[in-house]
Structures are given as structure tokens and as C-alpha cells.
Amino acid sequence: MDAMRFSELHCREVINLCGGARMGEVSDLVFDPVCGQITAIVVPGQGGLLSMFSREDCVIPWNCIETLGEDYILVRFKK
């Protein structure tokens with residue numbers, strides 16, 4: 001796979017293959033500062049009326065990614 005920029009991953013729709021749910025869009029990346037590799041993608045937590053102020057981001061390990069499509073990312077992620 002060719003090199004990819006954050007701007008190419010940012011805002012891609014993330015779909016969980018464990019149930020087919022849309023999880024949201026990539027908002028951030030987590031990387032290992034020692035080796036410089038990306039270790040996870042971050043999707044903002046789903047906020048409802050009661051969780052408006054306590055929304056937790058969903059951190060999806062990089063090894064859970066199945067496919068990096070043009071407009072989407074398919075993952076197998078169990079919370």
C-alpha cells in the first residue's frame with residue numbers, strides 16, 4: 001500500500017462489520033512515538049441527550065481494520 005496522509009483518512013465513514021453499524025467518521029489517530037507507527041483510529045463517541053457531556057471517543061486498534069476503502073473504513077471491533 002502506498003503512503004497515506006491523515007487528511008485522506010480524516011472524515012472517512014467507519015463501519016463495524018460486527019453488526020454492520022455505522023460508527024461515525026475518523027476524527028484522530030493514535031501513534032506510537034517510539035516507532036512512529038499508527039496504533040489506532042479515533043471515532044467520536046455517539047452522544048445522546050443524557051450522554052451529551054460525558055461522550056467518550058471510540059479508540060479502534062489499527063489491527064481491527066479490515067479494509068481501507070476510498071470513502072469508508074471497515075473494521076471488526078467489539079467494545
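Partners of E25 according to the salt bridge (Lys or Arg N to Asp or Glu O under 4.0 Å) rule, which considers only residues two or more places apart in sequence or in another chain, do not exist here.
The other residues sharing a hydrophobic cluster with V42 are V30, V59, where clustering joins ILVMFWY side chains under 4.5 Å apart. Connectivity analysis of hydrophobic side chains (ILVMFWY, heavy atoms under 4.5 Å, direct or indirect) links V34 to nothing; its cluster partners are none.
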What donor-acceptor contacts under 3.5 angstrom involve side-chain atoms of residues 66-76, with partners at least two apart or in another chain?
none

Show me, pair by pair, the donor-acceptor contacts under 3.5 angstrom made by side chains of residues 16-23, not counting sequence neighbours?
unit_1 : atom_1 : unit_2 : atom_2 : d
N16    : OD1    : C18    : N      : 3.0
N16    : OD1    : F77    : N      : 3.2
N16    : ND2    : F77    : O      : 2.6
R22    : NE     : E13    : OE2    : 3.2
R22    : NH2    : E13    : OE1    : 3.4

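Pairs passing the ring-ring contact (aromatic ring centres under 6.0 Å, His included) check and including a residue from residues 8-27, sequence neighbours excluded, read F6-H10. Note on residues 14-44: no pairs pass ring-ring contact (aromatic ring centres under 6.0 Å, His included), not counting sequence neighbours.
By the rule that hydrophobic residues join a cluster once side-chain heavy atoms approach within less than 4.5 Å of another member, I15 and L9 end up as members of separate clusters.
Taking the side chain as every heavy atom from C-beta outward, I60 and V14 approach each other to under 4.5 Å.
Closest approach of P61 and A40 over heavy atoms only: CA-CB, 4.0 Å. Minimum heavy-atom separation, E8 to R12: O-NE, 2.7 Å.
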